[in-house]
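Keep in mind that the numbers below use all heavy atoms, side chains included, and drop hydrogens, waters and symmetry copies.
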Amino acid sequence: MPWGEAAGVVRLEDCGPVRPFPLRSGRRFAPGWWWSATTGRLVHYRSGVMRTQVMLLDRDPSVMAMACRPVDLSWRGSEGTVVSHAPHLMARFSDGGGLLLDCAGRGEISPRLRDLRGPWCRMRRI
């Protein structure tokens, strides 16, 4: 469904993750769950950075709901290839607006996310 139509119809905060977070042996941090006082349910996270973002969103009084990887966005890249990306988190605010966000680790954003930045900057609020 086109993004503009989906953003107005689908309550992304009620959707489950569209992609799982893989478990990788040898990593210092594994995916987990955060009990959200805001939503009254568990919110999945992939990394320490993402857990911190979930914790901060949970403490923000303007956040009414949040979800982990609730949508998979797809579009045609510059060479005509299909590009897709599932943002790490979605937050719904008390004014009805929403925010899709990715949680980058230490240092700079990954090259893959940096390449996706162009289409993301042109997206409207949900």
Handout entry: Straight-line distance of Thr38 OG1 to Met64 CE, nearest 0.5 Å
Key = 8.0 Å
Practice task
Using the rule that two of Ile, Leu, Val, Met, Phe, Trp, Tyr join whenever any of their side-chain heavy atoms come within less than 4.5 Å, decide whether Leu99 and Met66 are in one cluster.
Solution key: yes
Exercise for the section: Using modelled atom types only, decide if a donor and an acceptor are shared between the side chain of Ser36 and the backbone of Asp58 within a distance under 3.5 Å. Expected result: no
Handout entry: Heavy-atom pair of closest approach, residues Pro87 and Pro70
Key = O-CD, 4.4 Å
Handout entry: Passing candidate, side-chain contact (heavy atoms from CB on, under 4.5 Å) with Leu101, options Met90, Gln53, Met50
Key = Gln53
Handout entry: Asp60 side, atom CG; Ser94 side, atom OG - distance, nearest 0.5 Å
Key = 8.5 Å
Exercise for the section: Drop me the distance from Met55's CE to Trp34's CH2, to the nearest 0.5 angstrom. Expected result: 4.0 Å
Problem - Within one Ile-Leu-Val-Met-Phe-Trp-Tyr cluster: Trp35 and Val43, side-chain cutoff 4.5 Å - result: no
Practice task
Work out which heavy atom in Ala86 is nearest to a heavy atom in Asp102; give both atom names and the distance.
Solution key: O-OD1, 4.2 Å
Completion exercise
Test side-chain contact (heavy atoms from CB on, under 4.5 Å), reference Val63, set Leu57, Leu56, Thr39, output is Leu57
Handout entry: Note, Leu100 side chain near Leu73 side chain (heavy atom, < 4.5 Å)
Key = yes
Practice task
Taking the side chain as every heavy atom from C-beta outward, state whether Val54 and Leu89 have any atom pair closer than 4.5 Å.
Solution key: yes
